[in-house]
J.: 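Can you read through this structure? Questions will come right after.
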2 protein chains.
Amino acid sequence: MTGRRKSPLEIDVTEAHMCSVNLRLHILSQVPFFAGLSQADLDRVNSLFNEQGYAPHETIYFSGDAVKHMFVVADGRVRLMRHSPSGKDVLLDILTPGEFFGSFSAQGDEVYHETAQAHTQTCVLGISVNDFRAILEKNPQVVLRVLDITSARLQAANVRVHQLSALPVEGRIAYLLLVLCAKFGKPGNDGVLIQTPLARDDVAAMTGTTSETASRVMSQFQKDGLIRTGRQWVAVIDLFALEEIAKAEIS
Amino acid sequence: MTGRRKSPLEIDVTEAHMCSVNLRLHILSQVPFFAGLSQADLDRVNSLFNEQGYAPHETIYFSGDAVKHMFVVADGRVRLMRHSPSGKDVLLDILTPGEFFGSFSAQGDEVYHETAQAHTQTCVLGISVNDFRAILEKNPQVVLRVLDITSARLQAANVRVHQLSALPVEGRIAYLLLVLCAKFGKPGNDGVLIQTPLARDDVAAMTGTTSETASRVMSQFQKDGLIRTGRQWVAVIDLFALEEIAKAEIS
DNA sequence: CGACGAATTGAACCTATTCAAAGGGTGTGG
DNA sequence: CCACACCCTTTGAATAGGTTCAATTCGTCG
């Protein structure tokens with residue numbers, strides 16, 4: 001019935017998207033900062049989470065909402081974004097199973113600073129900030145891991161600041177494709193497919209440009225044989241060439 | 001002898017810039033994540049730090065250097081920056097006494113991802129990453145505080161990404177001045193003086209533009225009576241107007 | 001005072017945005 | 001199974017915002 005589809009993306013068409021208990025435990029054990037816990041601790045932690053399914057474009061929380069939960073992606077893709085009154089939204093990140101979002105500062109923020117939205121069919125595990133803080137206070141190694149992850153994200157954010165400040169659009173898009181490739185890449189027939197829906201709008205919102213410009217740049221990349229792309233999908237063919245473009249700053 | 005100076009900035013002209021033992025202890029006790037320690041612990045921590053003086057523009061470490069120390073600013077101002085091959089540097093932050101820099105992920109990065117440079121006469125306290133990690137492992141509350149600070153910085157970095165993506169230069173500079181005002185502002189005769197040397201180049205490097213454009217924008221701000229500015233200094237007069245300009249697009 | 005570095009200002013140029021219209025893939029409903 | 005409608009994508013042309021290069025002015029310190 002979908003034999004006509006040209007898109008190489010594997011899509012998940014489950015209905016009410018709930019995850020099995022097995023999947024839950026598997027996911028939690030894969031979350032980097034719970035990796036060190038014993039099976040017993042893990043079971044206890046698991047019982048503190050409750051799950052929730054979301055359809056594409058459904059909002060998990062809005063920027064400005066009071067902080068109540070910390071979340072882990074169990075299945076699907078979650079978008080983290082910031083809004084502007086002008087309507088020009090910024091896409092901070094696309095999260096994949098095992099990644100967490102929401103509040104994770106120990107102090108506890110008052111409100112969320114970004115909006116979380118289901119990007120695909122999604123199952124999300126949530127834990128109240130109080131419960132999460134209790135886990136942090138009881139398990140010092142967990143805090144250290146959370147700190148590591150937060151540091152890495154700060155790192156990545158600074159790279160992005162650098163690029164937005166110093167690189168032209170071409171370079172920023174080239175770099176973005178490399179990052180997404182490292183995160184979502186599945187080697188396929190020709191090139192590495194970025195296994196997530198990815199519209200020109202998304203690329204634009206992640207690189208601080210417009211969908212038209214993103215389209216122009218990516219069309220050029222395709223003409224030059226660096227990528228293959230279609231509606232909502234991209235596959236990277238020539239990683240090395242993209243690296244060169246991302247690194248090349250107008251001397 | 002400096003009666004001819006027009007600059008309202010208070011500058012520090014000490015020679016070899018070393019800080020007294022009293023100052024050291026005072027600074028360390030003010031560092032947010034050592035705030036909870038007992039006097040005895042504080043003394044022990046203090047003995048693990050060694051101090052170092054720097055003249056303006058001296059480099060504390062280079063981006064790419066192997067990570068060996070974590071630092072705390074004791075006196076003066078420190079610049080954190082990233083380089084580009086093109087020479088277009090990005091200024092990530094200007095640090096003030098009590099703030100820390102260098103590596104602080106528990107895992108330990110291999111190399112520094114940014115360059116630290118003295119912005120003024122500066123005294124810096126350094127601790128080896130091993131010693132610092134030992135403190136983290138012994139004092140869980142300290143880790144929680146480090147996590148909070150890191151989260152706050154991630155927060156700020158994301159705001160910057162948002163602005164670079166969605167705001168025109170005018171708005172970004174207006175916002176920067178507000179941030180610097182909150183951090184360095186000293187109320188004075190007319191307006192709030194930003195108590196740190198601040199060249200047009202610096203403003204440009206923090207907002208992703210050129211010094212010429214920064215100059216044009218700030219000249220306009222001055223004409224409109226929003227700020228007073230001279231060589232290497234800025235005082236903010238109309239906070240509210242700047243907020244309006246900065247908010248023009250931000251939620 | 002004199003010299004150097006910082007700031008200003010002008011004009012040409014260029015990148016990326018904006019507005020607009022046409023072309024294509026996807027999946028739904030007939 | 002086809003056809004249509006919807007949304008994503010492409011492409012074009014005009015415009016604006018910022019950069020670049022260059023020349024001048026100004027402030028600060030020796």
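Just so you know, these numbers use all the heavy atoms, side chains as well, and skip hydrogens, waters and symmetry mates. Per chain, numbering begins at 1; letters A, B, ... match sequence-line order.
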J.: Once you round it to whole Å, what is the distance between C1' of dA7(C) and CD of Q220(B)?
T.: 16 Å
J.: Take atom CZ of R172(A) and atom C1' of dT17(C), then tell me their distance rounded to the nearest Å.
T.: 12 Å
J.: Rounded to the nearest Å, what distance is computed from the CD1 atom of residue I173(B) to the P atom of nucleotide dG18(D)?
T.: 9 Å
J.: Measure from the side-chain N and O atoms of S86(B) to the backbone N and O of K88(B), and report whether any donor-acceptor pair falls under 3.5 Å.
T.: yes
J.: Rounded off to whole Å, could you give me the CD-to-P distance for the E170(B) and dG18(D) pair?
T.: 8 Å
J.: Grab the CG-C1' distance between L167(B) and dG17(D) for me, whole Å please.
T.: 14 Å
J.: Side-chain donor or acceptor of R216(A) under 3.5 Å from a matching atom on the base of dT18(C)?
T.: yes
J.: My understanding is that only one of R160(A), R82(A), K183(A) makes a salt bridge (Lys or Arg N to Asp or Glu O under 4.0 Å) with D93(A); could you say which?
T.: K183(A)
J.: Go nucleotide by nucleotide along DNA chain C from the 5' end; which of W233(A) and T213(A) gets its closest nucleotide reached first?
T.: T213(A)
J.: Nearest whole Å is fine: how far is dC8(D) C1' from L9(A) CG?
T.: 14 Å
J.: Salt bridge check: are R79(A) and D202(A) linked by an N-O gap of less than 4.0 Å?
T.: yes
J.: Starting at CG of L164(B) and ending at P of dG18(D), how long is that distance when rounded to a whole Å?
T.: 12 Å
J.: Once you round it to whole Å, what is the distance between C1' of dA16(D) and CD of E212(A)?
T.: 15 Å
J.: Check every atom of dC8(D), dA6(C), dT9(C) against the side chain of S215(B) and return the nucleotide holding the closest atom.
T.: dT9(C)
J.: Of the nucleotides dA16(C), dT9(C), dG18(D), which one has an atom closest to the side chain of P168(A)?
T.: dA16(C)
J.: Between atom OG of S63(A) and atom CG of L80(A), what is the distance when rounded to the nearest 0.5 Å?
T.: 11.0 Å
J.: Under 3.5 Å, is there a donor-acceptor pair between the side chain of S211(B) and the main chain of R200(B)?
T.: no
J.: With DNA chain D as reference, determine whether S219(A) or T209(B) sits nearer its 5' end, using the nearest nucleotide of each.
T.: S219(A)
J.: On DNA chain C, nearest-nucleotide positions of R231(B) versus A214(A): which is more 5'?
T.: R231(B)
